[in-house]
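A short worksheet on the structure shown next.
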Amino acid sequence: LPGRPLTELKVRELSLRPYDLVISDLKMPQMGGIELLENISAKNLNVLTVIMTGFGTVETAIDAMKRGAYDYILKPFKVEEVIHVVQRGLEKQRLAAENLRLKEALSLYKVSEAIAASLSEKWKLERVDSILRAILRSAVFELVDRRDVPAKVVIDEYVAVAGAFFGADEPGFVNAA
């Protein structure tokens with residue numbers, strides 16, 4: 001956007017593709033720096049904005065910063081000063097983006113840990129369930145082998161024990177044997 005006045009068309013251009021940095025004068029034809037900051041803020045554009053002016057006051061600097069300017073440079077300025085402001089601002093943006101990526105990665109890690117823990121618990125419960133069914137099956141077979149106990153008593157005891165282990169409401173718990 002160098003050398004052209006920032007009209008509404010230029011603000012729209014800012015939202016069409018990402019820009020890392022906008023350096024704007026406070027006083028420009030058609031749209032001033034404060035109005036530019038308001039437009040950038042209204043469109044939620046993530047762009048580092050530096051305002052420069054030869055007519056600066058403490059009040060205008062504070063106003064620009066409140067409206068979203070990253071920094072405020074007074075004319076005449078040294079090129080090194082502008083380079084320093086831009087480098088510092090871009091580093092801030094890089095760190096903010098890295099922070100966001102790390103938070104997202106941490107969030108994904110926590111979700112994957114929770115899923116892994118959930119699967120582990122499910123696997124443990126399935127193993128315990130399998131072991132309890134095997135023990136119950138062995139106990140029932142041993143009761144059946146005893147000739148002095150009627151078959152109906154063995155089945156009734158099996159159903160009672162299986163219901164206690166696996167829940168009477170669990171479908172198919174009688175099939176554990």
Applying side chain to side chain contact (heavy atoms under 4.5 Å, CB included), run through Leu45 and Ser15 and close with a yes or a no. CA-CA 7 Å; Leu45 301 175; Ser15 57; 3.7 Å; yes
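Listed by chain and number, the residues in a salt bridge (Lys or Arg N to Asp or Glu O under 4.0 Å) with Glu59 amount to none (sequence neighbours excluded). In this structure Leu108 satisfies the side chain to side chain contact (heavy atoms under 4.5 Å, CB included) test with no other residue, sequence neighbours excluded. With sequence neighbours excluded, the residues forming a side chain to side chain contact (heavy atoms under 4.5 Å, CB included) with Arg101 are Ala97, Glu98, listed by chain and number. Partners of Glu113 under the side-chain hydrogen bond (donor to acceptor under 3.5 Å, both in side chains) rule, at least two apart in sequence or in another chain, are Tyr109. Residues passing the side chain to side chain contact (heavy atoms under 4.5 Å, CB included) test with Asn46 are Gln93, sequence neighbours excluded. Checked against side chain to side chain contact (heavy atoms under 4.5 Å, CB included), Ser107 has no partners two or more places apart in sequence or in another chain. Residues satisfying the side-chain hydrogen bond (donor to acceptor under 3.5 Å, both in side chains) test with Thr53, not counting sequence neighbours, are none.
Atom NZ of Lys43 and atom CD of Glu38 lie 12.5 Å apart (nearest 0.5 Å). Annotation: the span from Leu100 atom CG to Glu104 atom CD amounts to 4.5 Å, rounded to 0.5 Å. Atoms CZ and CD, on Arg67 and Glu35 in that order, are 10.5 Å from each other to the nearest 0.5 Å. In this structure, the separation between CG on Leu37 and CE on Met31 is 10.5 Å, given to the nearest 0.5 Å. Distance check, rounded to the nearest 0.5 Å: CE of Met65 to OG1 of Thr60 gives 11.5 Å. Atom-to-atom distance recorded for Leu102:CG and Leu106:CG is 8.5 Å, nearest 0.5 angstrom.
A 4.5 Å side-chain heavy-atom check between Val47 and Leu21 finds every atom pair outside the cut-off. Between Leu48 and Lys92, every side-chain heavy-atom pair lies at or beyond the 4.5 Å cut-off. Within the 4.5 Å cutoff, side-chain heavy atoms of Leu14 are placed close to those of Val22. Looking only at side-chain heavy atoms (C-beta outward), Leu26 and Tyr72 come within less than 4.5 Å of each other.
Under a 4.5 Å side-chain heavy-atom criterion applied to ILVMFWY residues, the cluster that includes Leu95 comprises that residue alone. Clustering of Ile, Leu, Val, Met, Phe, Trp and Tyr side chains at separations under 4.5 Å places Val58 together with Ile62.
Taking both residues in full, the closest heavy atoms of Gly33 and Ser24 are given as CA-OG, 4.0 Å, listed atom of the first, atom of the second, then distance.
Hydrophobic cluster membership differs between Leu36 and Ile34, with clusters built from Ile, Leu, Val, Met, Phe, Trp and Tyr side chains linked at under 4.5 angstrom.
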For residues 73-88, which side-chain donor-acceptor pairs fall under 3.5 Å, sequence neighbours excluded?
| from | atom 1 | to | atom 2 | distance (Å) |
| --- | --- | --- | --- | --- |
| Lys75 | NZ | Asp25 | OD2 | 2.4 |
| Arg88 | NE | Tyr70 | OH | 2.9 |
| Arg88 | NH2 | Asp71 | OD2 | 2.6 |

